[in-house]
Each structure stands twice: as C-alpha cells, then as structure tokens.
Amino acid sequence: LAQAVTRAGDEPSQRFAVLFLDFDRFKLINDSLGHGAGDQFLVQVAQRIKGRLRPHDIVARLGGDEFAVLMQRFHDDDAVVTLAERLLHALREPFRIADTEWTTSASIGITTSAIGYGDPDSVLRDADIAMYRAKAAGKARYAVFDRSLHAEVSNRLRLEADLRHAIAQGQLAVVYQPLVELEGNRLVGFEALARWNHPEQGPIGPDVFIPVAEESGFIIAIGDWVLGQAVRQAASWRSSGMPLPVAVNVSALQFQQADFVDRVAAALRSADLPGGLLELELTESILVRDAGDALQRLHSLAHLGVRLAIDDFGTGYSSLAYLKRFPIEKLKIDRSFIRGVPGDGSDAGIVHAIIQMARALNLKVIAE
C-alpha cells in the first residue's frame, strides 16, 4: 500500500483502491462455538475473498475479522464497485463451521487514490470510516469514502469530547412533555426528555447527541442524570398536590448494566418517590436481545412498582410473544405511523390494529 501511495503521488494515472471488510457476526461465532470455530470461519472467509480477486490484487487480514483488499491496475471506479458487489455476494453464502451452517454478512468501506493520499495509514483510516458508514446504513453493503465524511467524523469526535463535560458544566437540561388523555383532554403524566444547549453551537437535538452518547458509552451517565432529575421533579409535583407519573427513556446500554435495577431503586429512595409514579420506556430491541435477563430485570422493576412501556412500538423486529411474557403496561405507537393518520390508509390501519391488540391484552396505548 505504501508503494501504491508513492506511485500514485508521482503519477496520478497509477490509481489504487482499498476495500476494508468487517464481518457482522464473528463475535457471535466465537462466543457460541469457541475460538476454534472462529478460526475455521476466518480461514473460509480468506479463501472466498481470494477466490474473487484478480491475480494482481492483494488481500490481508489486519486483525480480528478485519480484512483489506488493495486493488491496482483498473480503469474506472466501476471496477472497484463491481469487486465489492462480488465479495458481498460470495460472503452471503452459508459457511459450514463445527458441523453447523452459519450465514454472515460483511460491511465494506472503499476509498481510492483520487482523494490524494500521502501515507498508507490515512488510506486505511478513511476506508475504515467508510466501512462504519456502511454498517450504520444497515450492514451487508458497501460505502465509498468522500471528503464530507472527514468533516462528519471530526464533528462527531468534537461532539463526543464536549458531551463528556456537558453534565458537569450544566449544559444539559430536562424538559417535560405532557401526556394527555384524549377523552376529556386530561393531563395524566409527563415524559422527561434530555436537551443539550451547546455553548458554541446552541441547541443540539437529541437525534444528534443521543446516538453519540450511546456509541461513546456516555449514555449511562446521562441516563442516570435524567432519571435523577425526573424523579425529583415528580416528587416535587407530588408534594404540591399533583401526583402525576413521569416517563423516562432507557437505553439498551443502561438496561444491560448489572446494577440497573439497584440504580432505579436508589433514585426512587433518594427522591422519596413511590415506584408507581415512575414509568420506564424501553424499545423492543432491548427486550429481545437477552430475553432471560430482560424478564428477570423487568419483574424486579415491577416489584418496585415501576410502570413499564414499550417505546417506538411497531418499528422493531421482535416476536409479539414478549407482550404476554413481560410485565408491560403500555405501548407507545411510533410517530412514523401517527404522522399519517387519518389521511394515510395504511398508517391508520396499523394504528387501529395496534389499539385493538392492546385492548385485547389489557394494555394502555399512547400516540407518540
């Protein structure tokens, strides 16, 4: 790669491209079948990649389940895309590992010498950035690096660094969205929502900073802080004669913490708030990721009196069986369906079906 960078610098017609591959289920194979099975998988992957390359292409395993391909001697970028598609197709075929058939998929990041590189590390960095863009877009696909990704990644890193200090510097706030019962137009509770007022960029929406917080792990500290703020506010409303429940969103990373239930219990004790005035909103993916642990934690939360709701209902990919297994009290229909009601017949039909199902299961429903 270093030689290719030098040649392209001396003579731009000496083009090259790098394809960076990462596999989406390698950890699962290692964890469930053992590292020997993981080694078998890597050997088979290497053979399939080699079988789809041209004689003068170079492939290397960089570590773990990461592979990179160096392409040279091609006329246009269509040849690079064609190779990426050929690799994706080949890697979708099942692998035979430890007498078990496994299907996997790869995410591929691509960059080319057209960017104007001066060293090989920068090439691999940008191909890696493009690979993460492919993963974020849904995996089992490729993404091509462009200069706008640099700005996007740099901005994300700055946001991550600033978010680290946002709580201590008082930049985060909690706002409370009212929950209204349509019949009688009666206020029945609030949802606590985090907001970030950046000292330089101004208000940053949760759709921007929450994914950054989740990826960096800061969501645990932010989630604990929001929970503490919310229960104290609910306790204040209660003492003033307005005992209304407050709903708080829970991230997957928060819920997976071994002491999550203890943290919730401690927050309730600290604010002297009955568990029945706290509602935790979880997404479907949290419940199906590890159903055994989830069931145990949900029952522990229900034992505290905490109410449980499913957020963004209708957008997940889970089995509806959890609705009868878990102590859920409420479904929040995702706003992507609500937005089309009543004009869009499909959205109206989905909303109607969810309401009917919820009634049959004795669950409450809220339109987001």
Side-chain angles (χ1 to χ4, degrees), residues 1-29 38-95 102-153 156:
L1 178 55
Q3 292 168 1
V5 169
T6 300
R7 282 195 297 269
D10 294 339
E11 179 52 59
S13 63
Q14 297 291 315
R15 307 172 68 191
F16 70 84
V18 167
L19 294 80
F20 195 106
L21 292 81
D22 181 89
F23 292 86
D24 301 320
R25 301 183 73 200
F26 178 62
K27 186 176 185 302
L28 183 60
I29 294 172
D39 290 346
Q40 288 182 39
F41 171 74
L42 292 172
V43 169
Q44 292 182 37
V45 162
Q47 290 169 343
R48 284 200 195 174
I49 294 174
K50 286 172 64 179
R52 269 66 180 184
L53 300 185
R54 305 167 307 164
H56 41 272
D57 294 332
I58 299 171
V59 59
R61 175 175 170 242
L62 302 182
D65 60 344
E66 295 178 338
F67 290 77
V69 174
L70 172 62
M71 278 188 76
Q72 301 176 93
R73 303 183 207 170
F74 57 90
H75 296 294
D76 55 48
D77 291 348
D78 287 346
V80 183
V81 168
T82 298
L83 175 59
E85 291 174 341
R86 197 159 65 232
L87 289 171
L88 288 173
H89 179 74
L91 296 168
R92 285 192 194 105
E93 295 296 316
F95 290 85
W102 279 81
T103 56
T104 186
S105 58
S107 298
I108 302 179
I110 302 170
T111 192
T112 71
S113 53
I115 297 293
Y117 290 106
D119 62 272
D121 288 340
S122 298
V123 182
L124 290 173
R125 176 201 63 204
D126 289 353
D128 191 30
I129 289 172
M131 183 274 293
Y132 276 104
R133 166 58 66 87
K135 274 188 181 292
K139 303 179 181 179
R141 62 190 66 203
Y142 66 84
V144 180
F145 181 85
D146 62 56
R147 294 188 189 280
S148 68
L149 282 180
H150 261 315
E152 183 180 313
V153 170
R156 192 178 182 91

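- Summarising the geometry of A134 relative to I108, their closest heavy-atom pair is CB-O, 3.7 Å, with the distance given to 0.1 Å.
- Contact record, L42 with G64: CD2-O, 3.6 Å, taken as the closest heavy-atom pair.
- One finds the OG1 atom of T112 at 7.0 Å from the OH atom of Y117 (value rounded to the nearest 0.5 Å).
- Rounding to the nearest 0.5 Å gives a distance of 13.5 Å between OH of Y142 and OG of S107.
- Residues D128 and D126 are not in side-chain contact: their nearest non-hydrogen atoms beyond the backbone lie 4.5 Å or more apart.
- Side chain of R15 to main chain of H75: a donor-acceptor pair is present (N/O by atom type, distance under 3.5 Å, no hydrogens or angles).
- A ring-centre distance under 6.0 Å is found for F23 and F41.
- Here R52 contributes atom CZ and Q47 contributes atom CD; the two are 11.0 Å apart, rounded to the nearest 0.5 Å.
- In E85, the CD atom is crowded: over 12 heavy atoms of neighbouring residues, nucleotides or ligands sit closer than 6.0 Å.
- Residues V5 and F16 form a side-chain contact, since some pair of their non-hydrogen atoms from C-beta on lies under 4.5 Å apart.
- Remark: R48 is positioned above the aromatic ring of F95, its terminal NZ or CZ atom under 6.0 angstrom from the ring centre and at most 45 degrees off the axis.
- Using a cut-off of 4.0 Å between Lys/Arg side-chain N and Asp/Glu carboxylate O, R73 and D57 are scored as not salt-bridged.
- Distance check, rounded to the nearest 0.5 Å: CG of D22 to CG of D65 gives 4.5 Å.
- In this structure a side-chain-to-backbone donor-acceptor pair under 3.5 Å is missing from R7 to A2.
- In plain terms, the two heavy atoms of R92 and A140 that are nearest each other are NH2-O, 3.9 Å.
- Side-chain contact check for L83 versus V69: some heavy-atom pair is nearer than 4.5 Å.
- A distance of 8.5 Å separates CG in L53 from CE in M71, rounded to the nearest 0.5 Å.
- In this structure, CG in L62 is found 9.5 Å from CG in L21, a value given to the nearest 0.5 Å.
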